[in-house]
Structures are given as structure tokens and as C-alpha cells.
Amino acid sequence: MNLLAIRDLSTEQINQILNRASFFLKSKTIPPSLENKFVAHLFFEQSTRTRFSFEIATHRLGAQPLIFDETFSSMKKGETIYDTLKMLEAMGVHAAVIRHSDENLWNDLLGRLNLSLINAGTGKKDHPTQALLDALTLQEHFGKVEGLTVAIIGDLLHSRVAHSNIECLGKLKAQVLLSGPAEWIIKEPLPAHVKKVSVDEAFSQADAVMMLRIQKERHTSSQTDQDYLQQFGLNENRLKRMKPHAVFMHPGPFNREVEIESSLVENSRSLIFKQVTHGVFIRMAVLEMCLKGPA
Ligand code: CP
């Protein structure tokens, strides 16, 4: 099985992944269910959280991670990504975890390979395991995702995290509020569970606020970092105006004093480090589902 996008998963499959990840999170010992499997990790864009958590997840399930370095690969001699994966398949690799700038990468690969393809973040559209770990974080904190109001604030247009979260939160029956600079608001028609609001409404109405990184590598903007924190970022004043029970999240990497005031990163209402922890367990559940089917 592949995992390329949240829209390919049913609500039942999402809940299976969340339940399995929750089981891993609470287990003292984890059975090596993927012993004798090989998982190639191909990252064509920078990553810290996704890359290392997939590597740890691979080890924790007893599988062997194979780390691909494009710089020293035969792709530098002109080999395509399809041919690279075909070679890995021929060597007996069972799954490929791929991060890439092109969200349409899969069009050239699907139906032509006999290994599982797992999306570790592509282009501006899809980051399914981030949305799943965010859902696990909300579920662990609030007990359930259904009925929550989640605000996603910032560079929505260029954010694969935002797009995947909109899809995932909809499937789990949460409401989504979107806010940020006008030029970065999603232009296409939005599903019924999503509403565009002002930044003040987003902060004051949400049970959880997700701050987004400005995706500077994907656009040019005249907005200065200083203006941004003032106008759209999470600062002490905005935290005071959030509901007393409300929490905040950030997929990372976060820019202190841009999307978030530095003193708040480790605040008791920050779920940022829980998100990172949960990333390992979600990626274990995803690897297991893709390589073995539902637990
Ligand atoms: N959230 C996220 O994808 O972080 P990395 O780019 O560090 O993997």
C-alpha cells in the first residue's frame, strides 16, 4: 500500500493509523513487526523532524533504513527518480519514503513500481504524516478531534501542512478557521468545514491554533519578519486572548520572533514538542500499514 495524500485515506483508515500510533505511544515494548524489511529514505528537500522520525520509526519496528544521498547518487549522472526506485525495487527494498519539491511526482511512478511509496512532504500540497501527527496530538490532548475548532494561521497558500490538515480535520469532523496575510490566503473554493476569518477571530475562537512557517523558499514577499509577528504571529497578548483551555501548535521548523514570540515556544500551552514526539509513532503506524496492512 502507498500513502501519498490524506484525501486517499478513509476516515476509518485515519482512525486505524491514530489508534495504532496511540498504542505505540503507550507501549513499553514494541514488537519488531517489520523485521527483514528494507525502507529507503529519499529526501530531495531539507528536513529534520520528518527525516529523523521516519528513520527512528524504521529502526523501532525492526526494519533496516537505507539513507539515499542525492549528491552521491547516480541521479547526478542523469538517472531519473523512477529508474532509481526501480533499482531499489530490484535489490529487494520494500518501501520508499520520499520528500520532494514536486507534488505531481507520483504521476510518473504510480502503477509502475512494486514497492510502497510514502509521502514525506511534497510541494505545496501534501504532507500527510504531518497532518496525522497533528491529529494524534489533538486527540491525545483533548480526547477527540471531532467537534474541535482548529485555527491555521499564516502562509496558507504555500503550506502543504495546511492543505493536508484541512483535509484530515475535515475527515475527523473538526471545524477549521483560516487566517493570515491576504496574499497568502488559499484562493480556491473551500469545503464546508473551513471558514476564512480575521486573525483576531482565529485566535479567540479556536480550541487549538496551528501557526505556520513563512515558506520563504517558495515565494518572494515584501513583508518583514518584524511586521509579521506584530500582525499575524503568536505573542503574549494574543495568547491571553485565546480561550483558557486553548493550546497552540507549530509543525516546525519555527522561526522565533517571526511566527511565534520566542518566550512562548516552551510555554505550558505549547504542543510543539509533543507534535515532534508523536511524529515517530505516527510514522511507525504508517510504515506498518503500508508494509503489512491494517494491524
Ligand atoms: N514539519 C516538518 O516537516 O519538519 P521538517 O521539514 O524538519 O521535516
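We count ligands from 1, going down the list as the structure has it; atoms in each ligand are counted the same way. Computed from a predicted structure; not experimentally measured.
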### Task
List every atom of ligand 1 that sits less than 4.0 Å from any heavy atom of H127, numbering the atoms from 1 in the order shown and giving each element.
2 (C), 3 (O)
### Task
Enumerate the atoms of ligand 1 whose separation from the nearest heavy atom of G252 is less than 4.0 angstrom.
1 (N), 2 (C), 4 (O)
### Query
In the single-linkage hydrophobic clustering (I, L, V, M, F, W, Y; side-chain heavy atoms under 4.5 Å), do V265 and V276 co-cluster?
no
### Query
For ligand 1, is there an N or O atom under 3.5 Å from any N or O atom of P253?
no
### N/O separation below 3.5 Å, Q130 to ligand 1
yes
### Message
Check for me whether G121 has a heavy atom closer than 4.0 Å to any atom of ligand 1.
### Response
no
#### Entry: Whether E45 lies under 4.0 Å from ligand 1, heavy atom
no
### Query
Relative to the ring of F254, is the ring of H250 parallel (under 30°), tilted (30 to 60°) or perpendicular (over 60°)?
perpendicular
#### Entry: Parallel, tilted or perpendicular: rings of H41 and F54 (30°, 60°)
perpendicular
How far is [atom] from its nearest protein heavy atom, and which residue and atom name does that atom have?
atom	result
atom 7 (O) of ligand 1	T48 N, 2.8 Å
atom 6 (O) of ligand 1	R99 NH1, 2.8 Å
atom 4 (O) of ligand 1	R49 NE, 3.0 Å

### Query
Between F43 and R99, is there a cation-pi geometry (under 6.0 Å to ring centre, at most 45° from the normal)?
no
### Query
With a 4.0 Å cut-off, would you call E266 and R256 a salt bridge?
yes
### Message
Check E140 with K26, please: is the shortest side-chain N to carboxylate O separation under 4.0 Å?
### Response
yes
#### Entry: Over all atoms of both residues, closest heavy-atom pair of A206 and A246
O-CB, 3.4 Å
